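These notes are about the structure you will find just below.
Just so it is clear, the model here is predicted, and its values are computed rather than measured.
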Amino acid sequence: MEFMPKPLALTLPFLLFLAVGCGAASGSGWSSPTLAGGTLYVGSVGGRLYALEAASGEELWRFPTEDGHPEPLYARPVLAEGLVYLGTFAGRVYALDAATGAEVWRYPREGSLGGIVADPLIADGSLYVPSSDGKLYALDAEQGTLKWQSTTGARIWAGPATAEGLLLVGSYDHRLYALDPANGAVRWQFEAGGAISGAPTAEDGLVFFGSLDNKVYAVDVGSGEKVWEFPTEGWVWSMPTASGDRLFVGSLDHRVYALDTRTGEKLWEFTTGGPVRASPILANDLLIIASAEGVVYAVQSDTGERAWEYPAKERIGQILATPVLGEGVVYVSSYDRMVYALKVQDGSLVWQIATDRAPATPSPQGS
Amino acid sequence: MIDVWNILIQQPMINLLFLLYAGLFQNFAVAIVGLTIVVRLLTQPLNRQQLRSTKAMQELQPQIQALQKKYAKDREKLTEETMKLYRERGINPLGGCLPLVIQMPIWIALYQAIIQVLGSAPEQLLSLFQFIYPPLHDLARQVIPINNHFLWLRLDQPDPGLPLLPFLPILIPILPIIVVVTTWVQQKMVSVPVSDPQQASMTQTMQWMMPIMFGWFTLSVPSGLALYWVTSGLIGIITQYFTTGWGGLRPKPTPARAARNERKREKKPRG
């Protein structure tokens with residue numbers, strides 16, 4: 001009988017399991033798509049940015065190409081002046097030629113920042129990039145050089161917004177900062193009850209944002225004073241959508257709430273089958289809601305009454321990325337490595353395309 | 001099945017980790033050490049059985065070695081006689097393995113809990129919400145994000161090492177080295193001396209290979225997990241010591257060493 005190797009041999013599979021588990025710990029990504037000039041730019045779960053013909057789903061280019069090394073993508077690609085800007089979880093910002101996908105510049109040239117999770121913002125020739133290292137970087141959008149950087153007390157996983165000449169950004173240090181866009185100086189800061197993980201939305205002198213303390217806040221942009229707060233039953237990770245006197249916001253409690261922007265009073269709520277991380281988007285009188293359960297809902301924006309859902313019976317992959325609206329079509333990127341183009345009117349499938357394959361191929365209607 | 005795993009093992013562990021983090025100075029490294037101790041205490045009956053089995057096997061070695069000498073040329077008879085000996089002494093040769101198998105899911109859950117609560121990747125943090133018990137929501141709200149810094153470590157990253165050698169610009173990976181040492185010591189303590197040269201050589205190889213493998217893994221896994229390995233290893237060494245003493249760690253008297261010792265003893269009275 002040979003006793004010694006037995007416990008050891010039993011430990012081996014455990015070690016292998018850990019090795020596999022550790023590899024999976026780095027994250028996959030949930031980059032939201034962007035639409036510009038008839039082209040859909042969508043970051044895949046596999047860490048590639050695809051430029052697709054919005055009408056057909058035909059692939060135009062991908063970045064990196066097959067030879068390149070993909071990096072997890074959470075941030076939405078941003079477009080301006082013929083360039084598409086891409087922040088990666090590996091902590092690099094790429095400026096690509098929007099027509100060809102060729103790299104124009106990258107920041108930093110050597111090394112990396114903290115992982116980029118939040119959507120960068122482009123305004124007045126500057127690209128504002130929030131990072132997991134707790135800093136907001138202001139880059140020259142054309143040259144890719146650093147203008148200034150502003151440091152918060154924890155990771156920044158919420159994208160910035162501009163309002164009334166201020167740059168507004170939330171941090172995991174529980175604070176919303178109002179910065180001077182010229183130099184990053186702090187004008188005011190507001191302390192929420194929990195980390196801020198979703199981007200703020202500004203409208204009519206108020207800034208709205210959610211927090212991991214389950215609440216939605218409305219703060220006066222001029223003074224940084226709280227106007228109202230609304231409690232949900234889950235973390236509020238999604239960016240609110242404002243339209244006139246209505247605010248729509250998703251929560252990890254599976255619900256989407258319609259609130260009065262002035263008072264924070266609840267107008268209606270709609271319950272989905274899973275957490276809602278993606279921001280709801282408005283398409284005329286319909287509100288499009290992407291739930292993490294793998295279902296896209298359209299509800300009447302004034303009543304919350306269901307208009308349609310896709311798919312009707314089955315579930316597609318988890319949806320954490322905010323969909324984007326085109327001309328009568330809504331584009332949805334899912335964890336099943338598919339991009340779906342759905343008609344806004346009735347939720348019928350226009351096309352779907354599998355990413356992370358070589359080459360990505362569209363299939364019109366049905367699977 | 002996944003739900004059962006989550007509700008019975010994963011969820012309690014994650015919430016316990018939160019409580020420990022909040023209660024132990026909001027220091028995640030201390031919380032990991034605390035959780036490892038709690039898990040070790042809870043699995044103590046299993047550990048005890050494993051330790052007893054090791055001890056019994058170690059005590060039985062002289063008889064087994066005698067059998068191996070006696071039936072050196074008849075392996076079938078040797079197996080038969082060895083099994084007979086075990087039966088007579090009421091020892092199950094697999095008794096040491098079973099507790100290890102039962103503990104594996106707990107280790108895996110512990111690892112998952114550490115990674116989940118650190119929430120370094122957005123998906124991990126996002127899915128953390130569903131694991132937190134409602135009464136702990138308020139606590140989680142206050143302590144998220146978890147502070148993952150400890151000494152020179154970022155607990156969600158591998159140990160970057162320290163420049164301990166003053167004249168050489170080399171970073172020494174501290175945790176992997178400690179993991180190698182603690183694993184080796186543990187392996188050595190539970191080892192049972194064998195006389196079959198082939199078996200002895202295999203045992204020797206495994207005793208080196210395992211610590212090196214653990215150390216190698218530690219170079220690439222989050223240091224929070226390495227901290228768990230170190231803590232678990234140290235507790236293992238202490239409990240093993242109180243059950244079997246230093247066990248296989250005691251140097252074996254080789255014939256040459258024995259003769260040398262004998263000569264020394266003879267010289268001493270004359271000196």
Side-chain angles (χ1 to χ4, degrees), chain A residues 1-19 21-30 72 74 89 115 117-118 132 134 153-155 157 171-174 192-195 197 211-215 233-235 237 251-254 274-275 277 292 318 320 335, chain B residues 50 54 57 64 78-79 82-83 86 93-94 96-97 100-101 103-104 107-108 111-112 115-116 118 120-130 134 137-138 140-142 144-145 147 156 158 183 187 190-192 194 196 198-200 202-204 206-207 209-210 213-214 217 220-222 225:
Chain A
M1 294 295 290
E2 296 167 4
F3 299 108
M4 260 314 291
K6 270 174 191 156
L8 303 176
L10 282 167
T11 319
L12 272 171
F14 171 58
L15 277 174
L16 290 172
F17 174 89
L18 286 180
C22 293
S26 57
S28 310
W30 60 54
Y74 292 92
F89 195 52
V117 173
S132 294
R155 63 180 83 155
W157 279 6
S171 165
Y172 263 63
D173 66 7
H174 301 194
S197 209
S211 163
L212 301 196
D213 67 355
N214 300 359
K215 288 177 185 162
E233 288 172 37
W235 291 353
W237 194 307
S251 166
L252 299 194
D253 68 6
H254 298 198
R277 198 226 67 91
Q318 205 179 22
L320 300 173
Y335 254 61
Chain B
Q50 190 186 345
T54 306
M57 294 289 284
I64 289 178
L78 172 65
T79 310
T82 314
M83 289 311 290
Y86 288 143
L94 292 175
C97 302
L100 208 71
V101 174
Q103 283 179 66
M104 265 185 214
W107 292 348
I108 292 165
Y111 161 70
Q112 287 179 340
I115 295 297
Q116 186 92 52
L118 275 173
S120 303
E123 287 95 340
Q124 290 153 6
L125 190 61
L126 190 72
S127 60
L128 180 62
F129 174 71
Q130 65 184 330
H137 274 184
D138 201 44
R141 164 187 80 73
Q142 291 169 39
I144 289 175
N147 177 13
D156 58 345
T183 314
Q187 297 283 327
V190 297
S191 70
V192 179
V194 284
D196 180 357
Q198 198 189 340
Q199 198 182 329
M202 199 163 94
T203 304
Q204 195 108 31
M206 288 301 278
Q207 269 173 9
M209 214 171 79
M210 287 306 294
M213 267 181 69
F214 262 94
F217 278 121
S220 56
V221 301
L225 183 63

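Under the rule for a ring-ring contact (aromatic ring centres under 6.0 Å, His included), the partners of B:H137 that lie at least two apart in sequence or sit in another chain are B:F129.
A:W235 CH2 to B:L126 CG: the interatomic distance, rounded to the nearest 0.5 Å, is 8.0 Å. For the atom pair B:E123 CD and A:Q318 CD, the distance stands at 8.0 Å (nearest 0.5 Å). Atoms CG and CD1, from A:D213 and B:I144 in turn, are 11.0 Å apart once rounded to the nearest 0.5 Å.
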### Task
Check step by step if side-chain contact (heavy atoms from CB on, under 4.5 Å) holds for B:L125 and A:R155.
CA-CA 13 Å; B:L125 190 61; A:R155 63 180 83 155; 3.9 Å; yes

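Comparing A:S197, A:A195, A:G234 by how many heavy-atom pairs each has under 4.5 Å with chain B, the most go to A:G234.
Without hydrogens or angle criteria, B:Q142 side chain to A:G194 main chain gives no donor-acceptor distance under 3.5 Å.
The shortest non-hydrogen separation linking B:P122 to A:F89 is CD-CZ, 3.8 Å.
With a 4.5 angstrom heavy-atom cutoff, A:E233 touches chain B only via backbone atoms.
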